[in-house]
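Note that the structure is predicted; figures quoted are calculated from it, not measured.
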Amino acid sequence: MAAPAALWRRLGGPGLIALLARLCNRNRNHRGRTPLVLLAPLLAQSAPQITAKYPSLGCVSPHGAHQFQWIGNQVPEFGISSSNVKILSTPSDFYETMKAQIKTSKTRITIASLYLGIGPLEQELVDTLEETLRCLDSSDLHVSILLDYTRGSRGRNNSRTMLLPLLRRFPDNVRVSLFHTPHLRGLLRLLVPERFNETIGLQHMKIYLFDDNIILSGANLSDSYFTNRQDRYVLFQGCSELADFFSDLVGAVSEVSLQLQPDDTVQAEEGMEHPYEGDKTKYCEAASEKVMGVIEDARRRQYEKRSTNFQSERSASNIEPPDTWVYPLVQMKPFGIQIDELVTETLLTEAERGDQLYLTTGYFNLTQGYMDLLLGTRADYNILLAAPEVNGFFGAKGIAGAIPAAYVHIEHQFYNEVCRHGQQMRVKLREYYRDLWTFHAKGLWFYSAGTDLPCLTLIGSPNFGYRSVHRDLEAQIALVTENEELQQQLHKVRLLFGRQMSSYPEGDHT
């Protein structure tokens with residue numbers, strides 16, 4: 001794949017894709033889509049085409065003939081009812097919903113986050129976990145928590161010290177796993193100080209699962225994310241297959257992570273290669289096998305189940321057809337897994353003239369591949385990003401305090417590139433500002449040409465930047481719906497952000 005990608009860059013990237021898009025316009029297939037999707041592997045700098053063992057689930061299902069069904073060629077497709085989906089809007093909604101879900105959990109609680117804060121709100125969350133474990137039969141409820149090792153170990157009081165009492169009191173019910181990137185090892189691990197070592201690579205997934213209910217978000221478990229740090233959140237209720245998938249995904253990463261012990265030491269799972277003391281290649285291969293095994297096992301189960309249902313005479317009358325589809329997208333470049341990158345690039349490639357895409361990130365640092373696509377395709381893009389005053393690092397001490405200015409510089413560079421290509425009317429930037437708030441939302445809304453409501457959204461942990469693509473462990477979903485009420489919910493959140501946005505630039509930035 002490297003050779004075609006290099007050839008693509010030499011041929012001029014954005015200019016060529018614009019030309020090909022015009023040529024392909026005459027060659028649409030019967031669904032109104034162009035063969036432009038076939039160019040996606042050329043746009044990726046290193047993302048390989050994933051070879052699926054099973055055909056698209058749409059091939060064996062009479063339902064789900066939506067325009068994004070091609071995503072099912074790469075990942076499991078979960079067809080659900082829109083009535084099982086609830087869009088949360090505010091940090092307090094997120095926090096209160098989590099506490100309520102913990103209190104009603106009976107069999108499993110699975111949490112994946114970057115870290116757990118050390119304030120009173122975080123302590124209340126831990127206390128809620130303890131109360132729920134204490135009230136239930138000790139053999140019934142199992143709690144699995146996955147955090148990042150470097151971020152979760154920062155400082156004397158940290159995520160580990162917050163969870164140790166829970167681990168000591170319920171050693172048979174609670175598991176705390178700390179992912180340590182395989183790239184932080186040897187002399188580098190010894191020399192790079194705290195905080196800076198987090199730039200090497202992180203566990204960045206945000207998954208909050210309670211029995212068969214699951215919240216997917218970009219929010220961490222810290223007080224600001226519960227009060228005045230704006231993010232995005234979606235709650236799926238009674239979706240057992242989807243919950244099983246994300247439980248297995250977190251479990252796979254947990255197995256290749258270090259396990260927190262009651263004495264605050266850590267140990268690798270028995271039989272597993274150590275992430276920074278063992279052989280790096282063997283570790284990454286084992287981790288890749290576990291994660292890809294989760295994805296392929298889910299696709300196999302779905303293929304077998306839906307093949308049986310399709311052939312059954314009962315299926316047509318007894319099974320309610322879904323109006324909403326969920327596709328989990330995983331990006332773990334350290335393990336050679338680049339599914340999210342491939343799907344995101346293909347989405348940007350497939351966008352046609354008249355389509356409206358709203359892309360948001362709290363940290364604006366698009367990869368070159370994403371920038372080339374934004375500048376070269378024909379859809380209209382609105383990029384929603386954080387004003388420097390609502391960047392989470394604004395006002396921080398030391399080098400971290402300069403981070404907002406660095407993002408402003410990147411923003412200026414990108415806008416100048418937009419102007420250089422004469423794309424100001426098609427690619428627009430808007431900054432989020434809200435007094436005493438910060439902005440951490442990420443994702444995408446896709447409005448097909450001629451429609452006022454989004455039919456697809458991306459929501460989860462990736463920021464569309466270099467770290468999300470190349471260094472960190474990320475997971476998000478592509479949520480596709482034909483239900484107007486759910487589309488309205490998605491649209492409402494996007495409008496909520498828009499009310500706090502100002503156009504960019506507000507002055508002369510040339």
Side-chain angles (χ1 to χ4, degrees), residues 98-99 101-116 122 125-149 151-153 158-180 202-217 219-221 236 239-262 264-272 275 287 290-291 293-295 297-298 328 330 332 460-461 473-475:
M98 266 204 305
K99 287 199 299 180
Q101 290 291 323
I102 290 172
K103 291 176 181 178
T104 57
S105 295
K106 304 299 182 185
T107 59
R108 63 180 174 182
I109 295 175
T110 301
I111 291 173
S113 190
L114 174 61
Y115 70 104
L116 171 69
E122 297 92 315
L125 206 61
V126 175
D127 292 344
T128 305
L129 283 168
E130 181 177 348
E131 181 183 346
T132 303
L133 281 163
R134 191 175 62 248
C135 291
L136 290 174
D137 185 322
S138 61
S139 63
D140 289 342
L141 179 62
H142 293 274
V143 177
S144 178
I145 300 173
L146 170 66
L147 305 174
D148 182 72
Y149 177 92
R151 182 62 183 87
S153 303
N158 52 43
S159 304
R160 293 163 64 162
T161 59
M162 288 287 289
L163 293 170
L164 279 173
L166 202 64
L167 186 62
R168 290 165 180 162
R169 182 163 187 176
F170 305 97
D172 297 327
N173 301 77
V174 177
R175 177 192 196 186
V176 179
S177 305
L178 302 169
F179 173 78
H180 190 295
L202 297 168
Q203 190 307 107
H204 201 244
M205 298 186 294
K206 321 296 170 66
I207 298 164
Y208 308 106
L209 190 151
F210 315 93
D211 290 341
D212 290 338
N213 303 334
I214 180 171
I215 299 173
L216 296 173
S217 178
N220 293 304
L221 298 178
F236 297 93
C239 297
S240 58
E241 290 186 4
L242 183 65
D244 288 345
F245 173 85
F246 278 104
S247 178
D248 291 345
L249 177 64
V250 175
V253 177
S254 296
E255 287 180 23
V256 301
S257 300
L258 299 172
Q259 306 304 309
L260 183 64
Q261 305 300 309
D264 199 23
T265 61
V266 294
Q267 295 179 4
E269 284 275 29
E270 186 176 354
M272 271 304 304
K290 286 185 178 295
V291 173
V294 171
I295 295 170
D297 285 350
V330 177
M332 300 181 179
S461 65
L473 306 191
E474 306 279 11

Heavy atoms only: give me the nearest [X]-[Y] pair and the separation to one decimal.
| X | Y | answer |
| --- | --- | --- |
| Ile109 | Ile102 | CD1-CG2, 4.1 Å |
| Phe179 | Asp148 | O-OD1, 3.4 Å |
| Lys99 | Thr128 | O-CG2, 3.9 Å |
| Arg175 | Glu269 | NH2-OE2, 2.6 Å |
| Val266 | Arg160 | CG1-NH2, 3.9 Å |

Could you measure the distance from the [atom1] atom of [X] to the [atom2] atom of [Y]? Nearest 0.5 Å is fine.
| X | Y | atom1 | atom2 | answer |
| --- | --- | --- | --- | --- |
| Asn158 | Leu116 | CG | CG | 9.5 Å |
| Leu141 | Arg134 | CG | CZ | 13.0 Å |
| Leu147 | Leu163 | CG | CG | 6.5 Å |
| Ile214 | Leu216 | CD1 | CG | 4.5 Å |
| Lys206 | Leu114 | NZ | CG | 6.0 Å |
| Leu129 | Met98 | CG | CE | 9.5 Å |

Checking side-chain contact (heavy atoms from CB on, under 4.5 Å) for the pair Ile215/Phe210: CA distance, chi angles, key distance, verdict? CA-CA 9 Å; Ile215 299 173; Phe210 315 93; 4.2 Å; yes
Could you tell me whether the side chain of [Y] reaches within less than 4.5 Å of the side chain of [X], counting heavy atoms only?
| X | Y | result |
| --- | --- | --- |
| Thr107 | His142 | no |
| Leu221 | Tyr115 | no |
| Ile111 | Val143 | no |
| Val330 | Glu474 | no |

Quick one: does any side-chain atom of [X] pair with a main-chain N or O of [Y] as donor and acceptor, under 3.5 Å?
| X | Y | result |
| --- | --- | --- |
| Asp212 | Ser240 | no |
| Asp211 | Arg108 | yes |
| Ser461 | Ala475 | yes |
| Gln259 | Ser254 | yes |
| Gln203 | Met205 | yes |
| Arg168 | Pro262 | yes |

With sequence neighbours excluded, tell me which residues meet side-chain hydrogen bond (donor to acceptor under 3.5 Å, both in side chains) with Tyr149.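 Tyr149: no side-chain hydrogen bond (donor to acceptor under 3.5 Å, both in side chains) contacts found.
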Which residues share a side-chain hydrogen bond (donor to acceptor under 3.5 Å, both in side chains) with Ser217, sequence neighbours left out: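 Not a single residue meets the side-chain hydrogen bond (donor to acceptor under 3.5 Å, both in side chains) criterion with Ser217.
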From the options Leu473, Leu146, Leu178, Val250, select the one residue that forms a side-chain contact (heavy atoms from CB on, under 4.5 Å) with Ser257.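 That would be Leu146; it is the only one of Leu473, Leu146, Leu178, Val250 passing the side-chain contact (heavy atoms from CB on, under 4.5 Å) with Ser257.
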Can you tell which of Val174, Ile145, Asn173 makes a side-chain contact (heavy atoms from CB on, under 4.5 Å) with Leu167?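 Result for side-chain contact (heavy atoms from CB on, under 4.5 Å) with Leu167: Val174.
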Evaluate salt bridge (Lys or Arg N to Asp or Glu O under 4.0 Å) for Lys106 paired with Asp140, printing each intermediate quantity in order. CA-CA 7 Å; Lys106 304 299 182 185; Asp140 289 342; over 6 Å; no
Verify side-chain contact (heavy atoms from CB on, under 4.5 Å) between Leu258 and Gln267, making sure each step is shown before the conclusion. CA-CA 5 Å; Leu258 299 172; Gln267 295 179 4; over 6 Å; no
Between the side chains of Tyr208 and Ser113, does any donor sit under 3.5 Å from an acceptor?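 The criterion, which ignores hydrogens and geometry beyond distance, is satisfied for Ser113 and Tyr208.
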